[in-house]
Peer 1: 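Before anything else, here's the structure in question.
Each ligand, and each atom within it, is numbered from 1 in the order the structure gives. As the structure is a computational prediction, the values presented were derived from the model and not from experiment.
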Amino acid sequence: MKSNNFIKFLGTAGARFVTINQLRASGGIWIRYKNTNILVDPGPGSLVRVKQSYPKLDPANLDAIVLTHRHLDHSGDLNIMTEAMTEGARKKRGVLIIPKDSLGREPVVLSFLRQAVRKVHFLREKASFKIKDIRLSSPCRLDHSVENYVLKFNFGKTRLCLVSDTKFFPHLAKKINKCDILIINVVFYNPCPGIKHLDYFSALKLIEQVRPKKAIITHFGIPMLRKNPKRLAKLAKLKLKIDVLAAEDSMLVAIK
Ligand SMILES: [Zn+2]
Ligand SMILES: [Zn+2]
């Protein structure tokens, strides 16, 4: 039987144009380890992607939904996925882990769903949460246009880091420290000064500095799609001598 522990890319779209045109799906990432299920960044279409998934994924088995930041390509299906996690808001179950500004002036979660979950936790620098078999921490805030954090998941012997949308900054690698699998949101190919997103070359720099066992680039904007992410991952692998993968919609990465 296939590994029961995995990271599944329900979608790999990054930023608004790839998302609104669905050039890639935008469903987020599902992490399963032992008996624990976590959905990260359920963007538009997440529910459809989950229901169409093989192996089957059941939102009623989710233990947590985690949001790195409030932008629509990350939060579009947050409400419906929360409703699904709580079995139609009838069962008090699951937790939401979100940045505080997601519930600011324009809350991204409807109030009846906030009441339906067991708890709403706020991400902040150096926060740590235990979700059954998985420990989640947010070692550092990212430099994006809204509140946004690096997510670090520890399960078994694996340390998985997700670097969501951010401008590159020199001490980012230090904050991530050691990790086995590094997932990076790479919207641009060339640096795009003034827009707080990573480009391919700063992603390479980050991978080189962190030196994970495996790096996965995802969350592609149009400039990345034009350059063929798979080809870019191959070039990165040759250059850095690190296993670099370009995520594809529905891609499943088995974990120990
Ligand atoms: Zn994004
Ligand atoms: Zn964003």
Side-chain angles (χ1 to χ4, degrees), residues 7-31 38-47 49 65-81 96-109 122-125 138 140-151 160-169 172 175-176 182-203 206 215-227 229 232 246-249 251:
I7 307 162
K8 169 127 190 179
F9 289 80
L10 295 163
T12 56
R16 58 191 81 171
F17 297 106
V18 174
T19 303
I20 61 178
N21 292 301
Q22 288 292 288
L23 300 175
R24 291 279 183 114
S26 45
I29 299 173
W30 187 296
I31 299 167
I38 298 177
L39 177 62
V40 181
D41 285 350
S46 190
L47 179 63
R49 302 291 301 173
I65 300 177
V66 184
L67 183 72
T68 59
H69 68 291
R70 58 176 291 135
H71 284 158
L72 271 176
D73 51 331
H74 302 253
S75 68
D77 265 12
L78 178 58
N79 282 290
I80 194 66
M81 291 312 299
L96 285 177
I97 303 177
I98 59 180
K100 204 166 190 179
D101 78 347
S102 310
L103 296 186
R105 202 161 49 86
E106 289 178 311
V108 296
V109 194
F122 291 123
L123 287 168
R124 57 186 155 73
E125 268 197 303
S138 43
C140 123
R141 187 170 169 160
L142 292 166
D143 187 355
H144 198 41
S145 51
V146 294
E147 198 179 348
N148 189 8
Y149 295 90
V150 170
L151 300 180
L160 162 71
C161 248
L162 167 63
V163 178
S164 184
D165 302 354
T166 187
K167 178 182 161 181
F168 184 80
F169 51 94
L172 180 55
K175 296 279 184 183
I176 293 168
L182 176 62
I183 301 175
I184 310 178
N185 286 6
V186 189
V187 166
F188 294 122
Y189 175 68
N190 283 312
C192 202
I195 304 185
K196 293 182 167 182
H197 274 294
L198 288 174
D199 60 87
Y200 173 67
F201 299 96
S202 40
L206 190 60
I216 305 172
I217 53 173
T218 185
H219 208 66
F220 304 120
I222 285 175
M224 276 300 281
L225 291 186
R226 281 198 182 123
K227 290 283 179 184
L232 293 178
E248 291 177 63
D249 293 346
M251 184 174 91

Peer 1: Run through D165, N148, D41 and flag the one making a side-chain hydrogen bond (donor to acceptor under 3.5 Å, both in side chains) with N185.
Peer 2: D165
Peer 1: Has H219 got an N, O or S atom lying less than 2.8 Å from the Zn ion (ligand 1)?
Peer 2: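 Within the cut-off used here (under 2.8 Å), H219 does place an N, O or S atom near the Zn ion (ligand 1).
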Peer 1: Of all the atoms in D165, is at least one N, O or S atom closer to the Zn ion (ligand 2) than 2.8 Å?
Peer 2: yes
Peer 1: How is the N/O/S atom of H71 that comes nearest to the Zn ion (ligand 2) named?
Peer 2: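 It is ND1, the N, O or S atom of H71 closest to the Zn ion (ligand 2).
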Peer 1: Any side-chain donor-acceptor pair under 3.5 Å between D249 and T12?
Peer 2: yes
Peer 1: Strictly under 2.8 Å, is any N, O or S atom of H197 next to the Zn ion (ligand 2)?
Peer 2: no
Peer 1: Is the Zn ion (ligand 1) less than 2.8 Å from an N/O/S atom of D41, whether that atom is in the backbone or a side chain?
Peer 2: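 No, since none of the N, O or S atoms of D41 sits under 2.8 Å from the Zn ion (ligand 1).
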Peer 1: Would you call the rings of H71 and H69 parallel, tilted or perpendicular, taking 30° and 60° as the class edges?
Peer 2: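 Perpendicular.
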Peer 1: State, to 0.1 Å, how close E248 and F9 come at their nearest heavy-atom pair, and which atoms those are.
Peer 2: O-CB, 3.8 Å
Peer 1: With side-chain contact (heavy atoms from CB on, under 4.5 Å) as the test, pick out the partner of V163 among I183, L142, V186.
Peer 2: L142
Peer 1: Could you tell me how the ring of H197 sits relative to the ring of F188: parallel (under 30°), tilted (30 to 60°) or perpendicular (over 60°)?
Peer 2: perpendicular
Peer 1: So, of the N/O/S atoms that D73 has, which is the nearest one to the Zn ion (ligand 1)?
Peer 2: OD2
Peer 1: Tell me, please, if H69 has any N/O/S atom, main chain or side chain, under 2.8 Å from the Zn ion (ligand 1)?
Peer 2: no
